[in-house]
Amino acid sequence: MSGPLEGKVALVAGATRGAGRGIAVELGAAGATVYVTGRSTRERRSEYDRPETVEDTADLVTAAGGRGIAVPTDHLVPSKVEALVTRIADEQGRLDVLVNDIWGGEKLFEWDTPVWEHDLDNGLRLLRLAVETHAITNHHALPLLLRHPGGLVVEMTDGTAEYNRSTYRVSFFYDLAKSSVLRMAFALGQEVGPRGATAVALTPGWLRSEMMLDNYGVTEENWRDALERSPHFGISETPYYVGRAVAALAADPDVARWNGDSLSSGQLAQVYGFTDRDGSRPDAWRYLVEVQDAGKPADTTGYR
């Protein structure tokens with residue numbers, strides 16, 4: 001292994017697919033040892049019932065130049081998370097980067113449905129998966145991360161604090177979940193900052209995840225075919241773009257300047273100079289405000 005993160009150890013919680021997979025791979029490409037967790041394995045699928053597995057993600061990390069280690073974990077079970085962290089401590093003696101990307105709520109929220117009409121069991125499970133899992137993981141993993149100065153905690157969410165402050169996000173439960181994670185990063189910044197670590201909230205833009213591509217009936221190779229159905233999809237980005245954002249943060253000796261902040265992949269690309277895999281720098285959240293939400297025709301000129 002070689003790269004700016006050689007010798008560093010990361011845990012990407014929720015790395016089976018989407019942003020978590022992209023983050024894990026890019027941390028590996030920078031030379032890190034990356035523990036990847038999730039509930040979908042080669043032996044057993046989660047309720048998502050999709051083909052992506054944590055073992056596949058670990059293999060991609062290794063192929064990228066790092067060392068990928070798959071540990072199937074349900075982050076709603078404290079004892080499982082405690083065992084995971086104990087294993088990392090025993091095998092590595094340190095944890096330098098913790099990425100909380102646990103989500104699992106795609107099949108649980110209902111678009112534009114008020115709280116009194118939304119399925120209550122689904123809404124409460126969404127909150128457990130999106131918020132409780134992060135709290136459990138932080139509780140068990142942060143003591144290990146704080147053993148060595150310079151640790152980084154990344155709370156993955158959807159939307160910046162500025163955007164979500166004035167924008168209703170999908171439904172009561174979805175909005176609450178994503179806003180809670182933003183606040184979680186701020187609170188963690190207050191707690192880990194004085195102890196030598198940094199905590200941030202990070203959002204990708206419009207993500208071309210495996211599930212999103214499937215929803216549009218396209219692949220990464222022909223994703224632009226979806227623009228006929230959804231023209232603003234032109235601002236979308238791969239999961240590896242936000243992965244490069246995390247890798248850049250983890251390699252920044254001055255990362256503490258971001259402590260407690262809400263960040264986006266497009267914002268950090270302008271600061272650190274990385275690009276998406278096609279060489280572009282999508283700035284989705286600025287585009288959403290200035291073009292999509294403003295009711296203008298789709299045009300990504302100047303935004304990627």
Side-chain angles (χ1 to χ4, degrees), residues 17-23 25-26 29 101 103 105-106 109-113 154-171 174-175 177-179 181-182 185 200-249 258 261-304:
R17 60 184 66 83
R21 173 172 284 189
I23 292 167
V25 170
E26 292 299 333
D101 188 52
W103 167 227
E106 273 88 355
F109 62 84
E110 303 166 27
W111 283 85
D112 299 322
T113 301
V154 181
E155 288 289 335
M156 296 299 298
T157 188
D158 176 20
T160 64
E162 180 181 12
Y163 187 85
N164 287 7
R165 187 177 298 118
S166 58
T167 306
Y168 169 68
R169 303 304 313 281
V170 180
S171 73
Y174 188 97
D175 193 298
K178 299 307 181 181
S179 295
V181 175
L182 283 163
V200 300
L202 178 61
T203 179
W206 196 338
L207 197 70
R208 292 202 302 275
S209 66
E210 300 90 345
M211 294 182 73
M212 182 63 69
L213 291 170
D214 286 351
N215 287 340
Y216 280 116
V218 295
T219 66
E220 181 56 32
E221 288 66 37
N222 70 338
W223 69 269
R224 290 185 178 275
D225 291 351
L227 301 188
E228 183 175 349
R229 171 181 169 189
S230 183
H232 291 296
F233 193 53
I235 197 60
S236 64
E237 62 198 54
T238 75
Y240 301 98
Y241 191 48
V242 75
R244 291 174 178 180
V246 174
L249 288 168
W258 303 112
D261 285 353
S262 162
L263 308 170
S264 72
S265 50
Q267 169 194 3
L268 292 179
Q270 303 303 318
V271 175
Y272 291 110
F274 61 84
T275 66
D276 204 345
R277 285 189 160 183
D278 63 359
S280 68
R281 290 195 180 100
D283 192 356
W285 296 101
R286 185 167 64 89
Y287 176 90
L288 290 176
V289 171
E290 298 177 4
V291 181
Q292 178 180 287
D293 294 357
K296 297 179 181 179
D299 183 0
T300 61
T301 303
Y303 294 93
R304 65 174 309 138

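Along the sequence shown, the residues carry numbers beginning at 1.
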[X] and [Y]: which non-hydrogen atoms are nearest, and at how many Å?
| X | Y | result |
| --- | --- | --- |
| T160 | S264 | CG2-CB, 4.1 Å |
| G18 | S209 | CA-CB, 4.1 Å |
| G205 | A284 | CA-CB, 3.5 Å |
| R304 | S280 | NH2-OG, 2.9 Å |
| V200 | A185 | C-CB, 3.5 Å |
| S262 | A161 | OG-N, 2.9 Å |

State, with a plain yes or no, whether a side-chain heavy atom of [X] is found less than 4.5 Å away from one of [Y].
| X | Y | value |
| --- | --- | --- |
| N164 | D175 | no |
| L268 | L202 | yes |
| K178 | W103 | yes |
| E210 | R21 | yes |
| M156 | V242 | yes |
| L207 | M212 | no |
| L249 | L263 | yes |

With sequence neighbours left out, what residues match [X] under side-chain hydrogen bond (donor to acceptor under 3.5 Å, both in side chains)?
| X | answer |
| --- | --- |
| Y287 | H232 |
| T157 | none |
| D299 | T301 |
| E110 | none |

What residues form a side-chain contact (heavy atoms from CB on, under 4.5 Å) with [X], not counting sequence neighbours?
| X | result |
| --- | --- |
| R286 | D283, E290, Y303 |
| V289 | Y163 |
| S236 | W206, R208, W223, F233 |
| N222 | V218, T219, D225 |

Under the salt bridge (charged side-chain N to carboxylate O under 4.0 Å, His left out) test, residues paired with D214 that sit two or more places apart: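 For D214 the salt bridge (charged side-chain N to carboxylate O under 4.0 Å, His left out) partners, ignoring immediate neighbours, are R50.
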
Run the numbers on D158 and V170 for side-chain contact (heavy atoms from CB on, under 4.5 Å), then give the verdict. CA-CA 11 Å; D158 176 20; V170 180; 5.8 Å; no

Among residues at least two apart in sequence or on other chains, which ones pass ring pair (Phe, Tyr, Trp, His ring centres under 6.0 Å) with W258? none

Which salt bridge (Lys or Arg N to Asp or Glu O under 4.0 Å) pairs, counting each pair once, include a residue from residues 233-245, with sequence neighbours left out?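 Sorted result for residues 233-245: E26-R244.
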
Per the ring pair (Phe, Tyr, Trp, His ring centres under 6.0 Å) rule, what does the pair list look like for residues 263-284, sequence neighbours excluded? Y241-F274

How long is the straight-line distance from CZ of R17 back to CG of D101, given to the nearest 0.5 Å?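 That separation rounds to 11.0 Å.
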
Using a cut-off of 6.0 Å, state whether more than 12 heavy atoms not belonging to Q270 lie near its atom CD. yes

Side-chain donor-acceptor pair present, T238, D276, cut-off under 3.5 Å: yes

